[in-house]
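Numbers here simply count residues along the sequence, with the first being 1.
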Amino acid sequence: MSTKKDITDDTRSQYFENLYRWFSRAIRVGVDISRSNWGEGNISVEQLLWSARPHLQEIFNFSSSAFFSISDQDNSFTMLSCDPEDGRAEIQSEVDCLIDQGMFAWALNQSRAFVTPARGSVRTLILHPVATRSRIRGMFVGIIENDSIDLNEGSLSLLSMIMLNLSAMLESAETYEYVRMQNDNLEKIVAQRTGQLVEARLEAEHASRAKSQFLANMSHEIRTPLTAVIGFAELLRDNHSLDEQQRRQAIDTIVRTGRHLLTVINEILDLSKIESDRMTVEMIPFDPFQTVRDVESLVSVQVCDKGLDFAVDYRFPLPLRINSDPTRLKQILLNLCGNALKFTERGGIRVMVSFDVAQQLLQFAITDTGIGIAADKLPKLFDSFTQADNSITRQYGGTGLGLHICRHLSELLGGSVEACSTPGQGSTFTVMIATGAVADTDLAFSLAEAENRRAGVGQDDAVPDHVLSGKVLLAEDNEDIRNLVRYYLNDPALILDWVGNGEQAVEQALSGHYDVVLMDMQMPVMGGVEATAWLRRAGYAGPVVAMTANATADDRKQFVAAGCDGFLSKPIDRRTLRRVLVGYLAQTRNGRDDKVHGYLEEFAEIRQAFIDGLSERIRNIQIAQSERRWDDLCSMAHQLKGSAGGFGFDVLGKIAAQIEHKVRRLEFDGLDVLAQALAAAARDGGAAQAGMSTGGVGG
């Protein structure tokens, strides 16, 4: 009995000893695994297995072991790691056999170890799935030699505990990585939003400063000219001892500052339209050459006053007609040319006109030789309330709105505006506008062709369809203009009388029963404005059409106030003249007659007479300049200005206009240079640039 009791006690003691060793090993394995620093994310199953491999090896003494991952796409198995490497083929062969038997898939769905004999029955396979709560990660496979096998419930439970720990750590690492990524994304979003708020705050502060600066500029731009207007107006009212020159200077100052105020107000109104999205444009067909000529006529006088050069460079081919807004285009060009003039003290200004046939864009490049703009100022140059810097505002004035309005208008016209500049050398502002569809037949390839086609020379409509009938009085002191008008109105049923000054015009109009009076605005004895006013006071009710080279808005207001009904700009255009008279005179249908050739021959004769007398005119102008007979010089320059353009001598007309302008302003410096330029242009045959011998016909 004692022996049996001893055996039972030994067995019980051995059991508890084994159980103690198992628990001790389990605790040690758990502690060792938990000490591994896998909490930083980016962890792989292979890394986890590698860290647990010494414990697995201690329990089972594997001859080789490996881990197989499962593809989420096709559920295929791939061996990721094997220890030792030379056991890879053996384990892969065993696994392939288990897959074929369906045993591998069955083992994956178990939550515990799966033990099966290896092929040949000299070894044993132990399989255990590695799975988290979300999904199965793969399978651990180990091979044990049968002679060293020590399989029991404790060792297999310990294996399950290790795999469970590994799975939990893997899931914890994935959760950590997900939280870290979300946290990083949140930090990026917060940083981005914070940056946006900071940028918005800075922009708001910049806009506030810009508007404050703008209000300060406006206060200066409005108060300064108003001070001049009020001051000179009070001077005219209170000081009766002023001589004529002083009174004229005071009036000129009031007019000049008033126009500046009008520009400031117009820019402010345009800005308000832009900000309220009420700025509109109209799309109508028009002649871009005429728009450029209008801009040139307005800018060239101011350029001449500063002693600068001004030129228009046409890069053909160019369209004869485009579909856009002529008023807004002219506003853009005048603004850019005005800017160039403001910041240029030497050299000159050039306007280059070109056409992008492929994109149907008309391009205007305004280049000056002024102070230039620093590169860091260019990006914000077209912002509202912005100038290059405050020193520019103080020295040159301006609202800081012009370029902003130009950009907005160019965009409304289907184009854009941009700038490039070199400090100290000058700037180029390039504006592009959409032209609408321009066919090849609507392109001119030279200035001569453009003038010919615009004038209609050689076209079927060179002679209007209607013959005018009535009685016309022409008040014009320039014989060349009289000949041109006589030619333009060479209708059998039309009577044309002429007088040479305003006083004769009043007498003749009141006694001759005329259907219309064509009144030149600048004549000797009595000018056109005064003559028209006399006619209206005397009861003459017939139409009076003003003819003048000064056809600005202010001039027209003056003509309307005097009693004029219409306007004709010089140089006189035949088709425009006849179109104006259509509303005042009777008409008969003429159809297409055979008089075109005769008209052209007659015009050629008149034009040749002008050319024959040109050298004497130039000589008389030079003599008047050298003898300082300023009144005679002004009169001769005015007459040449009015007639030269009608015969195609544009260069002569422009130089004569500059001479007249300088004399009227009592600015005599540089007149000798202009007189020499006038003689050179006459010698070169100024009309050669128009490239035609009948340049004044049609139009």
Side-chain angles (χ1 to χ4, degrees), residues 463-551 555-591 593 595 598-599 602-603 606 638-639 642-643 646 696 699:
V463 178
D465 289 341
H466 295 84
V467 173
L468 301 177
S469 175
K471 192 173 181 182
V472 177
L473 175 63
L474 171 64
E476 173 62 65
D477 63 318
N478 190 321
E479 183 179 359
D480 296 318
I481 300 288
R482 294 199 297 265
N483 289 334
L484 272 176
V485 173
R486 178 176 60 80
Y487 159 68
Y488 289 159
L489 301 180
N490 188 15
D491 294 59
L494 190 144
I495 299 173
L496 178 66
D497 295 334
W498 66 269
V499 293
N501 61 58
E503 187 177 278
Q504 295 172 351
V506 173
E507 296 175 359
Q508 192 81 355
L510 292 176
S511 61
H513 306 289
Y514 291 96
D515 297 303
V516 62
V517 175
L518 300 176
M519 184 76 74
D520 180 32
M521 290 294 103
Q522 293 187 3
M523 292 181 291
V525 183
M526 181 185 291
V529 173
E530 187 180 358
T532 302
W534 270 100
L535 284 175
R536 296 311 186 197
R537 286 196 294 268
Y540 179 79
V544 176
V545 177
M547 299 195 310
T548 178
N550 304 320
D555 293 324
R556 292 188 177 191
K557 290 179 183 179
Q558 182 184 12
F559 302 156
V560 169
C564 293
D565 300 280
F567 311 93
L568 278 170
S569 297
K570 292 181 180 180
I572 301 296
D573 177 82
R574 177 171 182 258
R575 191 166 298 279
T576 303
L577 171 62
R578 296 181 69 86
R579 186 168 58 249
V580 169
L581 293 181
V582 159
Y584 303 125
L585 300 175
Q587 308 166 58
T588 60
R589 190 71 182 176
N590 187 37
D593 55 29
K595 295 183 178 181
Y599 283 156
E602 182 179 357
F603 176 79
I606 297 173
H638 174 72
Q639 291 191 9
S643 57

Asks: Let me confirm one number: the CD-CG distance from Glu476 to Asp520, rounded to the nearest 0.5 Å.
Replies: 4.0 Å
Asks: At their closest point, which heavy atom of Leu474 faces which heavy atom of Arg482, and how far apart are they?
Replies: CD2-CA, 3.8 Å
Asks: Hey, could you give me each pair passing side chain to side chain donor-acceptor pair (under 3.5 Å) that has a residue in residues 523-541? Not counting sequence neighbours.
Replies: Arg536-Asp565
Asks: How far does CG of Asn501 sit from CE of Met526, to the nearest 0.5 angstrom?
Replies: 8.0 Å
Asks: Hey, is the main chain of Met523 close enough, under 3.5 Å, to the side chain of Asp477 for a donor-acceptor pair?
Replies: no
Asks: Are Leu581 and Val516 close enough, and set up right, to give a side chain to side chain contact (heavy atoms under 4.5 Å, CB included), and what steps lead you there?
Replies: CA-CA 8 Å; Leu581 293 181; Val516 62; 3.9 Å; yes
Asks: Might you confirm whether atom CD of Gln508 has over 12 heavy atoms from other residues, nucleotides or ligands at distances under 6.0 Å?
Replies: yes
Asks: For residues Leu496 and Leu489, report the shortest heavy-atom separation together with the two atoms involved.
Replies: CD1-CD1, 4.5 Å
Asks: If you measure from NE2 on His513 to CG on Leu510, what distance do you get to the nearest 0.5 Å?
Replies: 10.0 Å
Asks: Out of Val485, Asp515, Leu518, which residue meets the side-chain contact (heavy atoms from CB on, under 4.5 Å) rule with Val472?
Replies: Leu518
Asks: Heavy atoms only: give me the nearest Tyr514-Ala509 pair and the separation to one decimal.
Replies: CD1-CA, 4.0 Å
Asks: Taking the side chain as every heavy atom from C-beta outward, state whether Met519 and Leu535 have any atom pair closer than 4.5 Å.
Replies: yes
Asks: Which atoms form the tightest heavy-atom contact between Asp480 and Asn478, and what is the distance?
Replies: N-OD1, 2.9 Å
Asks: For Gln504, look at atom CD and say whether over 12 heavy atoms of other residues, nucleotides or ligands are found less than 6.0 Å away.
Replies: yes
Asks: Ignoring hydrogens, what is the shortest heavy-atom contact between Arg578 and Tyr488? Give both atom names and the distance.
Replies: NH1-O, 3.0 Å
